[in-house]
Amino acid sequence: MSFRTTRSVAYVEDVSPGTGALPPRAWYAASDAKSLSLNGNWRLRVSATVDAEDDSFAAQGYDAGDWAEVTVPGHWVLQGDGAFGSPIYTNHLYPFPVDPPHVPTENPTGDHLRVFDLPDDWPALDDGSAVLRFDGVESCARIWLNGTELGEFKGSRLPHEFAVGRLLKPSGNVLAVRVHQWSAGSYLEDQDQWWLPGIFRDVTLLHRPAGAAGDFFVHASYDHGTGEGTLRVDSDVDGRVSVPALDIDVATGESVTVPVEPWSAEQPRLYDGELVTAGERVPLRIGFRTVVLEDGLIKVNGKAVLFKGVNRHEWHPEKGRALDLETMREDVLLMKRHNLNAVRTSHYPPHPAFLDLCDEYGLWVIDECDLETHGFTEQAWRDNPVDDDRWTPALLDRAARMVERDKNHPSIVFWSLGNEAGTGRGLTAMAEWIHGRDHERLVHYEGDIDCRDTDVYSRMYAFHAEVEKIGQGLDGGTHKRRELPFIQCEYGHAMGNGPGGLADYQRLFEAHDRLQGGFIWEWIDHGITHAELGYAYGGDFGEELHDGNFVCDGLIFPDRRPSPGLVEYKKVIEPVRIEGDGADGTVRVTNKYDFADLSALAFEWAYQLDGETVETGALSVPALAPGESAEVKLPAPPADAAGGAEAQWTVRALLAADTVWAPKDHVVAWGQVPVSARQSPSVTASERPTAGERTITLGPASFDARTGALKAIGGVEVTAPRLDVWRAPTDNDAGAEWQTDTRYGMLWRKYGLHRMRHRLDAVELGDDALTVRTRVAPAAWEVGLATVYRWTSDGTRLRLTVSVTPEGDWKVPLPRLGVRFGLGRADAVTWFGGGPGEAYPDTRLASMVGRWRSTVDELQTPYVRPQENGARADVRWLELGGLRIEGDPEFWFSARRWTSEQLDAARHLTDLTPGDTVWVNLDHGQHGIGSQSCGPGPLPQYFLRAEPAEFSFVFSTAE
Ligand code: IPT
């Protein structure tokens, strides 16, 4: 007896893409033909297996009155508070046994039902036909209209249309959709993300009048030699094409060449046009551009481009991958405002409206097919569907559905075959089909290491040294690969605090022509809003197999607030470089755009004394062409009335006028030029420490006589500062298990840096100093840090000098090196130094020297999984909790209402409860951040090695 081949469910495990759907065609949002959105409230019944219920629900007259309701577009597991099952997160492991094309008997199945009437103005039913379009259903759907089966399909993030004209009635139409969570298609959709079944994109009924447009292909190229564009619209249904602004009115299939302004991500000039067939007028948005591979470079309109990109998954913390237009627009606006110019649609074609926005606002796009078979890596890629001819029709179907749907978007420069699918004949077949169908774009696939089928050498997470080698052309490889340009389709793993080392990558990209940039992994943390946990990640829904918070690795938090990583990236990739050393009264301005001159920007200078702006003015900068630089004279510096202040220029490049993506005065780029150096704080050691019975007094300070521990400065009581080397390891400290760099986040714990012991050796009262000698060391190990605290005072101010001498053979760098102390009350914080946001040694480009104000709560960066965060760099002085603290030299500080140990123990932000003490870290050094949660650790120059060190802080009570 067979359990799995009953006719009604066999399609679920069939490798074929489906039956009954119309051939794919170009997608457009609207035309003058009627359409009816079927989004909204649907009836839902979820059952545990594919055949727990029969298909009688699809019949007309079925009473679904007792079914639940669900919102379409949506995922049923994100609705109904868990009543319909829960999300599952795995990175690359299939959450079911790998036995292709079979899937588990436990296969949640959502029967969806919607009854609809045709609107009054809907054309008569004998006037033309109609199609029903599904823009995205995960992972397999079977469709009935008015009791008649239309077919079934797979390919979750791809559109499927069905002809329904003859079945429609004026009212009481019953649309029944049976959706299975698992299907043969699931083997092709093993992307690193939540598994979220449902009808998660729009469902639309489209009227197709007689003579309506069918498929059409807009070819709009640009000749940078002549400045002319050539337009030809190939159309299944003959018609005319008009572009009023260009005086174009030609037949479909006919070419016309006229002078045009080209389209680029920097200057996304679109021309409105129309395709008119006998029965339909379809609006067109035409961008003229030519993408070629020439001289080993990706060139658009004759120029090599540098991708400053990001990988974007579709994500919303409540709606999952069911994104509304405003959320998509928010993504695009955030990208543009942070200087990004490119997006890879990892790892599937996005909602098509997102691509309209990329056309409109200007972003280069790698459109990626809905294909990943990563889990087969666990069996050395045996049985990989992309190397098994039985699956090739499904692969080709996916390629065609992507290319046909999206081919009219000027923003798309690359088609990507998919992600992490190994290698195989199926991929080659996809590439061949795509190359044959569209000669005007290039093909990408990272897994094709020899570039057999692709037009670019693409890698993910290559270390800096290797990227440099590739840039120099010293990487070898096949003959074909050696001729190709290089991109990193993924790098800079933005999980938790980080990524570090971006500026170092960017320097390489800019130094070598062959390196055409990269795409940060990834755009947004896929945290799910959760009543108790704040944001949930893998494991929070009781999944038996999961990959924890590896799903929260974005440049923006789940609520789309930019994380420090995005702010840093914005600075790293800024399109104008402003630099100088202040000595000669000039700044050097360089245009780093690929196409635009600087005429859209206005420049402004600010002159600052001790971080406070004393004067500002406009700076006249020539409209430099791409690649050009100029030395620009700054005005004569305003006088420093008080004398002795640290002086600097800050020069900003602002939008000179409103644009569609940001208002006038939006800051695009900035640079700082030091003028005069800072004077280090000095304290004349004039006071003598005096010992009472319990207390030692030195100037404004009192100490415990037995331990030498500081108790108070003036009226401010403190928990004594002592040496601190521990930080709550970041995701990048911890690293991924497959990393080849040393994973110090793990070794730090092994070597006990989170449980250091402080041995008191001596408390010495000298003529002008109180000296406390200690040895700070972890249990079980012979290494230690001989640490001497030397206190001096001039009567009002108190200076602490900390000397650290490592003992023994230190095998690891230190997480941090500084002192930690506690304050009873502290809230507002003012400092002169780097800000406004957090910075670490290799994430500090965006840290701007100035006078900053914040609060203890606002200093915290809310990484979804709590970890070290919130340090401010280059701090000259800090005022907090009634104290003023000056550094000699500059220092890092952080302040939080919990200890590093509590931060370390927390799994979610909701685990952190503010205590009565504000813990302040004053650090002489921090270890770099790196990107080791999926890439390299910090570069050696960002290591905090255990070496002899001496640093001082001057404490006084703030006015
Ligand atoms: C790479 C994947 O392509 C991407 O989907 C994501 O999983 C990323 O890693 C990590 O967040 S694959 C990597 C393990 C080489």
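Since the model is a prediction, treat every value here as computed from it, not as a measurement. Counting convention: from 1, in listed order, for ligands and their atoms alike. Index from 1, following the sequence. Every heavy atom of this structure was used, including side-chain atoms; hydrogens, water molecules and symmetry mates were not.
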Tell me every residue that passes ring pair (Phe, Tyr, Trp, His ring centres under 6.0 Å) with Tyr361, counting only those two or more places apart in sequence or in another chain. none

So, using ring pair (Phe, Tyr, Trp, His ring centres under 6.0 Å) as the criterion, who are the partners of Phe96 when residues are at least two apart? Tyr94, Trp182, Tyr187

Side chains of Thr428 and Asp453: any donor to acceptor distance under 3.5 Å? yes

Protein residues near ligand 1, heavy-atom distance below 4.0 Å? Asn91, Asp192, His347, His374, Asn419, Glu420, Met460, Tyr461, Glu490, His493, Trp521, Phe550, Asp553, Trp738, Cys934

Name of the residue among Asn107, Leu196, Val103 meeting side chain to side chain contact (heavy atoms under 4.5 Å, CB included) with Gln181: Asn107

What residues, two or more places apart in sequence or in another chain, satisfy side-chain contact (heavy atoms from CB on, under 4.5 Å) together with Asp741? Phe463, Gln932, Pro936

Do the numbers put Arg481 on top of the ring of Tyr457, so that NZ or CZ is under 6.0 Å from the six-membered ring centre and no more than 45° off the axis? yes

